[in-house]
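Values in this document were obtained by computation on a predicted structure and should not be read as measured data.
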Amino acid sequence: MSPTESLSAYRGDDKYLFVSYSHADSDRVLSELGRLSAAGFNIWYDEGISPGHNWRNELALKIEGASVFVVFITPNSIKSKNCLREVSYAVAHDVETIAIHLDQTTLPPGLELEISDRQAILAHNLSTDQYHQKLFHALNELSGTDISSRAPDSTSQPSRRDRKGLILAGVAVVAFFIFLTVYQQLTSEPGVDEATAIPVTIERPRDIEAEIDALLANDQTIDAYLLAQEFDSTHKDQLASFWDEFTVQTSIASNPEGADVWIKPYKSPESEWVSLGRTPVNQARVPKGALRLRIKKEGYQTLLIATFNPHFIFGNAFNNPRAVPFELIPGEDIGEMLVPASNAPVALGGFNPGRSGFIEIPTFQIDQYEVTNAEYIEFVADGGYENAAYWQDDVSSDEAGKQFVDQTGRAGPATWELGKFPSGHENYPVTGISWFEASAYARYRGKSLPTAFHWARAAFSLFEVALPLAPSLVPMANFSGKLAPVGKYPSLGPVGTYDLIGNAREWLYTPSGNNRWILGGSYADPSYMATLQYVEDPFDRSFVNGVRLMRYVEDSPANAELLVPSTFSTQDYTKIDPVGDAAFAALATQFSYVSTDVTGTSADFKRTEDWTREKLEVSSRYYDEPLIVYIFKPTTPGPHQPVIYFPGIGQFQGRPDEGPSDPTLLGNGGFSLDSYEFIVRSGRALIWPVYYGSYQRYDNYFQASPKERDFLSIRQMSNWRIDLGTTIDFLETRDDLASDKIAYFGFSYGVSAASPLVALEDRLTTAVFVSGGFMPREIVSQSPIVDSRNYVERIKIPVLAINGNFDYIFPLEKNAKPFFEHLGTLPEHKRHVIYQGGHSPPARNITMREIANWLDKYLGVVN
């Protein structure tokens with residue numbers, strides 16, 4: 001009998017080894033496993049996966065539970081993506097790891113200085129006795145299992161080994177596979193065995209869905225896409241419902257047609273381009289999320305941009321059924337990126353109150369890179385500081401030559417010496433210039449400084465709130481603390497620019513009082529400055545100040561509306577001064593509520609296999625109209641814990657439809673790109689009242705003047721208080737709902753504007769605030785009667801807050817963190833979860849896990 005004929009996957013509760021290797025090495029590795037098993041080590045491999053189980057989940061659990069993770073390194077294993085994934089998972093979860101080199105394996109370029117063969121167990125350089133002694137000693141030490149008395153001789157099993165060599169081997173495999181995960185995600189050669197790297201003794205069909213699931217778990221969307229394409233013809237039934245999880249039907253058009261189109265993941269700029277064909281590309285399956293897109297046609301400038309998929313330009317978002325053609329520019333690349341005309345919000349939080357809606361911006365061109373030292377020195381050499389034609393602001397050329405000098409007193413940027421930039425820095429952005437120097441240089445080039453509107457339009461995705469690029473772009477930008485050459489960092493923007501975020505701050509035309517806007521953050525700033533507004537004295541010549549230029553196209557001159565001074569909220573929310581107890585009591589009486597008997601009449605009912613939806617007309621006490629309440633419940637027996645939802649601002653901006661019809665469409669302010677149906681799947685009831693001002697109850701609030709909003713806000717809050725109180729009164733009449741365990745769930749506007757409700761309603765058990773914070777008073781009402789700063793410290797119940805660190809609606813440091821810190825909840829009963837992302841959609845897996853765990857803790861676990 002061979003060593004493995006009787007070997008089966010370990011199923012007990014004792015310590016075991018998880019072994020990873022390529023199937024191409026099965027004959028050699030299985031004999032080693034036979035020796036390990038005969039020596040008393042328990043071994044798990046995929047024979048232990050139960051039929052019908054989720055392969056990825058079971059592998060993950062077995063890796064986490066292993067006492068030692070053993071990987072056999074050969075030329076085959078370093079080409080196996082499954083090996084890479086398994087080792088990466090083991091490393092990420094701190095599982096003790098041993099690397100065994102069965103063959104001399106050539107490491108990828110760049111690894112030789114960091115990792116050498118001397119750091120691993122080199123079986124190919126050792127005698128059988130030496131190899132087995134090292135291996136068995138390592139396994140005994142790391143697994144905490146003393147089986148040395150049963151260690152066989154060289155003909156059967158190894159003995160003990162030196163621990164120092166093992167530690168080095170563990171370090172080697174950690175660094176080795178982390179490197180390969182980054183550099184070899186898409187480089188596996190055709191024909192290489194990609195089967196699972198865990199030994200099997202029975203040949204069985206590949207579980208393609210599980211393999212795709214594993215790729216998606218590591219954010220390898222392009223790999224998943226390619227694998228699904230490869231097997232779609234042979235696994236159509238298996239993949240039919242799976243495509244929608246990671247791809248969306250996408251159309252790509254260009255003007256003119258006939259351009260070749262490629263994509264790659266945004267987060268993997270070093271990966272290979274994947275062809276989508278030639279335009280027009282119609283209804284192709286394309287991975288979701290942030291992508292790099294390349295469109296190329298002979299005789300035209302190559303278009304290289306970042307984009308989010310889905311997007312309205314692809315005809316797959318916002319009910320836009322047709323793709324918007326990408327305009328291709330004839331000729332060679334000239335370093336200027338065309339930004340098509342658009343009418344959309346400006347992605348800067350608290351920006352220009354009163355213009356929070358759509359902003360129309362004509363077509364313009366913006367430089368691909370920041371102005372470099374080599375470019376700026378031409379201006380200096382041509383007498384730019386002495387030419388009065390370039391100095392048309394508040395500084396004359398005479399003053400400029402005296403005031404704006406380098407470190408040796410010669411005309412030029414503050415970072416230069418002797419009228420020259422530092423040696424070797426010709427491709428670095430020019431820094432140390434004032435706004436006046438930036439403006440003069442723009443005239444020299446026959447261009448303009450961007451306004452805040454133009455800069456924001458080029459920096460962020462159209463509709464950044466729902467189609468976010470910032471969470472992917474900002475980590476790629478230069479916030480390293482050291483200035484870099486332009487374009488060194490792969491921070492590709494949505495119109496094809498580099499370094500709009502990070503590297504150097506960029507002076508803009510836009511005035512703000514006596515100051516000027518300067519945006520994007522610099523290499524010396526924290527990364528959250530990427531999405532924050534910033535103004536500076538125009539004379540400031542800090543070493544982080546640079547410039548980028550734009551050009552108005554001939555038929556789209558400067559729009560006067562875009563050139564006006566623009567202000568933004570400068571409020572400091574870290575220190576607030578709420579009203580005292582007596583004044584607060586007076587405020588609260590404005591919204592007092594007395595419970596009463598209410599009745600509800602069913603207006604509609606829908607049932608699916610997993611949930612039911614009731615639309616109820618509940619008797620209300622104002623305007624002689626019923627309150628519409630939607631109740632989504634699981635089909636499991638109750639009573640169900642109610643979670644009362646307050647939506648984002650999108651539902652309060654004149655939506656004609658009646659209300660939510662499907663729990664899978666709930667979420668981010670009306671864009672319906674994400675959902676909170678997991679509340680229902682967790683066994684709880686999701687309650688959605690149609691609050692005053694939302695859906696068909698729209699009240700023109702956002703079209704009102706600032707003074708009118710003060711009055712309307714008070715009326716609105718009063719009606720919301722009645723809506724919430726009436727809803728809870730009705731829940732108390734239902735035997736199928738646990739009205740003594742109620743959670744409030746607010747998203748965005750449901751936090752910033754509606755949080756006073758949580759302070760006023762004492763029947764709430766806990767609250768969840770997603771993508772919220774202090775909202776600038778200029779955008780809503782300035783009345784202290786509804787100002788959340790007077791209520792946040794009166795919120796005492798347990799609170800879970802979830803925010804994205806690149807949220808431009810509620811910037812983390814300025815708005816979201818102060819809101820959380822001022823909550824009156826005891827520290828041990830509030831939790832702030834910060835994920836890498838924007839405003840919306842929230843990070844689904846994090847949000848789902850955190851909310852479910854929080855509700856389990858404070859409402860009780862649902863059976």
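Closest approach of Phe308 and Ala290 over heavy atoms only: CD1-N, 4.1 Å. Heavy-atom minimum distance, Gly772 versus Asn803: O-ND2, 2.9 Å. Minimum interatomic distance between Arg789 and Val792 (heavy atoms only, all atoms of both residues): O-CG1, 4.1 Å. Residues Pro642 and Lys741 come closest through the heavy atom pair CD-O, 3.1 Å. When all heavy atoms of Ala801 and Phe820 are compared, the closest pair comes out as CB-CD1, 3.8 Å. Contact record, Ala738 with Pro639: N-CB, 3.9 Å, taken as the closest heavy-atom pair.
Interatomic distance, Asp729 CG to Leu724 CG, rounded to the nearest 0.5 Å: 9.5 Å. How far CZ of Phe747 is from CZ of Phe769: 14.0 Å, rounded to the nearest 0.5 Å. One distance of note links OG1 of Thr733 with CD1 of Ile728; it measures 12.5 Å at 0.5 Å rounding. Put simply, CD on Glu850 and OH on Tyr835 are 12.0 Å apart, with the number rounded to the nearest 0.5 Å. To the nearest 0.5 angstrom, Phe632 atom CZ is 11.0 Å from Lys615 atom NZ. Here Leu859 contributes atom CG and Arg684 contributes atom CZ; the two are 5.5 Å apart, rounded to the nearest 0.5 Å.
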**OP:** Please assess Glu617 against Ile628 for the test side-chain contact (heavy atoms from CB on, under 4.5 Å), listing each intermediate value before the final yes or no.
**Re:** CA-CA 5 Å; Glu617 295 182 352; Ile628 303 299; 3.5 Å; yes
**OP:** Verify side-chain contact (heavy atoms from CB on, under 4.5 Å) between Leu627 and Phe730, making sure each step is shown before the conclusion.
**Re:** CA-CA 11 Å; Leu627 170 66; Phe730 177 69; over 6 Å; no
Original post:
Phe460 and Ile501: side-chain contact (heavy atoms from CB on, under 4.5 Å), yes or no, with the steps?
Top reply: CA-CA 10 Å; Phe460 301 108; Ile501 303 299; 4.0 Å; yes
**OP:** Evaluate the criterion side-chain contact (heavy atoms from CB on, under 4.5 Å) for residue pair Ile834 and Lys817; output intermediate values, then yes/no.
**Re:** CA-CA 10 Å; Ile834 300 168; Lys817 277 187 176 180; 3.9 Å; yes
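In this structure the side chain of Lys857 never reaches within 4.5 angstrom of the side chain of Arg831, judged on heavy atoms. A heavy-atom distance below 4.5 Å is found between the side chains of Leu800 and Val833. Proximity of Asp610 to Thr635: side-chain heavy atoms (C-beta onward) are nowhere separated by under 4.5 Å. Taking 4.5 Å as the limit, some side-chain heavy atom of Arg715 sits within range of a side-chain heavy atom of Leu712. Phe591 has its side chain within reach of Ile785: a pair of non-hydrogen atoms, C-beta onward, lies under 4.5 Å apart. Contact annotation: the side chain of His829 never approaches that of Leu823 to less than 4.5 Å [non-hydrogen atoms, C-beta and beyond]. Using a 4.5 Å heavy-atom threshold, the side chains of Ser755 and Phe819 count as touching. With contacts defined as side-chain heavy-atom distances shorter than 4.5 Å, the pair Arg734/Ser739 does not qualify.
Using a cutoff of 4.0 Å between basic side-chain nitrogens and carboxylate oxygens, Lys796 and Asp762 are not scored as salt-bridged.
Asn790 places a side-chain N or O within 3.5 Å of a backbone atom of Pro784 that can act as its donor or acceptor partner. With hydrogens and angles disregarded, a donor-acceptor distance shorter than 3.5 Å links the side chain of Arg697 to the backbone of Val690. Listed for the Ser522 side chain is no donor-acceptor partner under 3.5 Å among the backbone atoms of Arg505. When atom types are taken as modelled, the side chain of Gln641 and the backbone of Gly860 share a donor-acceptor pair closer than 3.5 angstrom. In this structure, the side chain of Thr825 engages the main chain of Ile797 through a donor-acceptor pair within 3.5 Å. Side-chain N or O atoms of Thr766 include one that pairs as donor or acceptor with a backbone N or O of Pro798 at under 3.5 Å.
Relative orientation of the Trp854 and Tyr858 rings is tilted, given thresholds of 30° and 60° on the angle between their planes. Using the six-membered ring where Trp is involved, Phe646 and Tyr749 have ring planes that are tilted, between 30° and 60° apart.
For Tyr573 and His822, the distance between ring centers is not under 6.0 angstrom.
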